[in-house]
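What follows is one structure encoded as structure tokens, with my remarks underneath.
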Amino acid sequence: MSAANSPSAPAADLLPKSELPALIHQAPEADLLQISTTLLARGWMLATAESCTGGMIAAACTDLAGSSQWFERGFVTYSNEAKTELLGVPAALIAEHGAVSEPVARAMAQGAVAHSRAQVAVAVTGIAGPTGGSADKPVGTVWFGWNVNGTVTTATRRFDGDRAAVRQQTLHWACERLNALLNASS
């Protein structure tokens, strides 16, 4: 989904609770191997900009031997100030839309590329819980941004489960979609 008005995932897109235990603490290795192969073939580097995952995507990338050939850096921008200082996300944008929003995810993905030597970035900002949600943005709401060589795509999902499950599902979906976007850009 690339439009600013990307709809939230319908309830049918939520991972069933019965599948959550198998997902916890598993890295999306197949997607990351494909991502690494594609980035290496194109001579591109990846940067991450993470809020609710606190560096989990960067950690999964660097768990792979040889990742220094395709992983450039990771930004953990948990606070609004960090998003502004490290990624250049305008404070006014955060004030107007909230940290968990399409404009902020887009700006994070753009900022990760602008403040690194990477050509590709993945950004995540969300509410992992158990607190912090609202009627408009319940716990489990995550906005994603991907910047693939200057083309930014955004999407939102709402994941079920506890804090660990939300963060793990965010990691998996961020990598799955990045892999798909890289394949589509060939």
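Start at 1 with the first residue, then count along the sequence.
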Which residues satisfy the side-chain hydrogen bond (donor to acceptor under 3.5 Å, both in side chains) test with T125, sequence neighbours excluded? none
Taking only residues two or more places apart in sequence, or in another chain, which ones meet T151 in a side chain to side chain contact (heavy atoms under 4.5 Å, CB included)? none
L33: which residues meet the side chain to side chain contact (heavy atoms under 4.5 Å, CB included) condition with it, sequence neighbours left out? L64
Listed by chain and number, what are the side-chain hydrogen bond (donor to acceptor under 3.5 Å, both in side chains) partners of S67, not counting sequence neighbours? none
Sorted by first residue and then second, give each side-chain hydrogen bond (donor to acceptor under 3.5 Å, both in side chains) pair with at least one member in residues 107-116; sequence neighbours left out. none
Euclidean distance, L39 CG relative to Q69 CD, rounded to 0.5 Å: 11.5 Å
E81 meets the side chain to side chain contact (heavy atoms under 4.5 Å, CB included) criterion, sequence neighbours left out, with S79, E85
Give the other cluster members for I94, using side-chain heavy-atom distances under 4.5 Å between Ile, Leu, Val, Met, Phe, Trp and Tyr residues; answer none if it is isolated. F75, L86, L87, V89, L93, V104, M108
Contacts of R73 that satisfy side-chain hydrogen bond (donor to acceptor under 3.5 Å, both in side chains) - sequence neighbours left out: none
Taken in chain and number order and not counting sequence neighbours, the residues that satisfy ring-ring contact (aromatic ring centres under 6.0 Å, His included) with F144 are W146, W173
Kindly write out the residues that satisfy side chain to side chain contact (heavy atoms under 4.5 Å, CB included) with M45, not counting sequence neighbours, or none if the list is empty. E72, A118, Q119
What residues, two or more places apart in sequence or in another chain, satisfy side-chain hydrogen bond (donor to acceptor under 3.5 Å, both in side chains) together with S185? R42
